[in-house]
Amino acid sequence: MAEDNNLEIIGDCLRRIRNASSYFAIGCLTGTLIFAVVGLNQKRPSSSTVGIGSAFAISTLIAGCLAIKHSRITSSEIYKTIKDSPENIVWVYPVGLNHKVNGIKASTENIVNIHLDNGRCLQLRSIPTQDVELVLSAIKKQAPTAVYGYSEAVKLKYMKDPNSLI
């Protein structure tokens, strides 16, 4: 039962990513439709109408592909790794990524980096600030042998040999 709760916490984070991709795709699709209607109502659509409409169409395609990729929570690489092969997780730590607009801090995104024994890093993104410790705790229950927390010494050791942390 505890494992299910841990995986549900991870699933909630992955669901937020999927939903954000879906909402973005819907917004881009709306923009594409608006510019298509505007272009079709003109005898000779302007190049800016065609260009902006094309940009929305390309954004819709990319966002739609991302939404489809993230649509099945249980088939995501992060979920499967934590559930089926937590022994491959060797190092886990949270990071706060600041997003800036014109040099002004706009938002902070909380990320948990999950380093594997094969040298790959998986990122669990869009975690609410109040849930970071809960997510770390859930991962720790699934992968208790991993190293938790960031330090330069651990980074150097991991970069030299990812399996040295096991």
Side-chain angles (χ1 to χ4, degrees), residues 1-29 55 57-166:
M1 187 67 171
E3 179 179 318
D4 291 339
N5 188 35
N6 295 336
L7 294 174
E8 185 59 35
I9 292 165
I10 304 304
D12 288 344
C13 293
L14 294 169
R15 212 169 279 109
R16 273 191 292 280
I17 295 168
R18 180 200 57 199
N19 292 346
S21 296
S22 298
Y23 296 145
F24 183 71
I26 290 168
C28 290
L29 180 60
I58 291 168
S59 298
T60 301
L61 181 65
I62 293 169
C65 289
L66 288 173
I68 290 169
K69 177 184 174 193
H70 296 297
S71 65
R72 296 214 14 111
I73 302 301
T74 56
S75 65
S76 79
E77 185 177 10
I78 292 173
Y79 190 90
K80 287 194 298 191
T81 300
I82 293 171
K83 181 178 189 265
D84 299 332
S85 52
E87 68 278 358
N88 294 344
I89 299 172
V90 294
W91 183 27
V92 180
Y93 60 91
V95 175
L97 180 64
N98 292 320
H99 297 284
K100 295 182 179 182
V101 176
N102 296 326
I104 300 170
K105 181 180 170 187
S107 65
T108 300
E109 180 182 15
N110 295 301
I111 300 169
V112 171
N113 286 326
I114 303 168
H115 291 271
L116 306 178
D117 57 4
N118 63 4
R120 295 201 50 233
C121 177
L122 305 176
Q123 290 188 324
L124 190 55
R125 303 181 74 100
S126 301
I127 304 169
T129 303
Q130 68 271 16
D131 291 347
V132 171
E133 289 302 319
L134 184 65
V135 168
L136 287 172
S137 174
I139 296 171
K140 191 179 276 190
K141 288 175 185 167
Q142 293 296 115
T145 59
V147 174
Y148 290 85
Y150 181 88
S151 75
E152 284 297 319
V154 174
K155 177 183 175 183
L156 292 172
K157 193 173 180 183
Y158 179 80
M159 289 176 69
K160 196 178 278 186
D161 179 22
N163 289 310
S164 66
L165 296 180
I166 299 174

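One-based numbering along the sequence shown. Any value given below was found using the heavy atoms of this structure, including those in side chains, with hydrogens, waters and symmetry copies removed.
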Query raised in the report: Is any side-chain heavy atom of I114 closer than 4.5 Å to a side-chain heavy atom of T81?
Result: no
Report summary line: In I78, V112, L134, the residue satisfying side chain to side chain contact (heavy atoms under 4.5 Å, CB included) with I139 is V112
Query raised in the report: Do the ring planes of H115 and W91 sit parallel (below 30°), tilted (30 to 60°) or perpendicular (above 60°)?
Result: parallel
Report summary line: Rounded to the nearest 0.5 angstrom, the CG-CG distance for N163 and D117 is 5.0 Å
**Report entry** Straight-line distance of C13 SG to I111 CD1, nearest 0.5 Å
**Finding:** 12.0 Å
Query raised in the report: Rounded to the nearest 0.5 Å, what separation is found between the NZ atom of K105 and the CG atom of N98?
Result: 4.5 Å
Query - Within-4.5 Å side-chain heavy-atom neighbours: L124 and I10 - result: yes
Report task. Indicate yes or no: at least one non-hydrogen side-chain atom of K80 is less than 4.5 angstrom from one of E77. Result -> no
Query raised in the report: Within the distance-only criterion (no hydrogens, no angle test), does the side chain of N110 pair as donor or acceptor with the backbone N or O of I127 below 3.5 angstrom?
Result: yes
Query raised in the report: Could you give the distance from NZ (K141) to CG (L136), rounded to the nearest 0.5 Å?
Result: 12.0 Å
Query raised in the report: Given K160 and K157, is the side-chain contact (heavy atoms from CB on, under 4.5 Å) satisfied, shown in steps?
Result: CA-CA 5 Å; K160 196 178 278 186; K157 193 173 180 183; 5.9 Å; no
Query raised in the report: Is V95 close to Q123 at the side-chain level, that is, under 4.5 Å between some pair of heavy atoms?
Result: no
Query raised in the report: Which heavy-atom pair separates Y158 from L116 by the least distance, and what is that distance?
Result: OH-O, 2.8 Å
Requested in this report: Side-chain contact test, heavy atoms from C-beta onward, threshold under 4.5 Å: evaluate it for V90 versus V147 and give yes or no.
Outcome: no
Query raised in the report: Looking at CZ of R120 and CG of N88, how far apart are the two atoms once the value is rounded to the nearest 0.5 Å?
Result: 11.0 Å
Query raised in the report: Looking only at heavy atoms, what is the nearest atom pair of P86 and A143, with distance?
Result: O-CB, 3.6 Å
Query raised in the report: Is the closest side-chain heavy-atom distance between T145 and I89 below 4.5 Å?
Result: no
Requested in this report: For R15 and E8, run salt bridge (Lys or Arg N to Asp or Glu O under 4.0 Å): C-alpha distance rounded to whole Å, both residues' side-chain angles, the deciding distance at 0.1 Å, then the answer.
Outcome: CA-CA 10 Å; R15 212 169 279 109; E8 185 59 35; 3.6 Å; yes
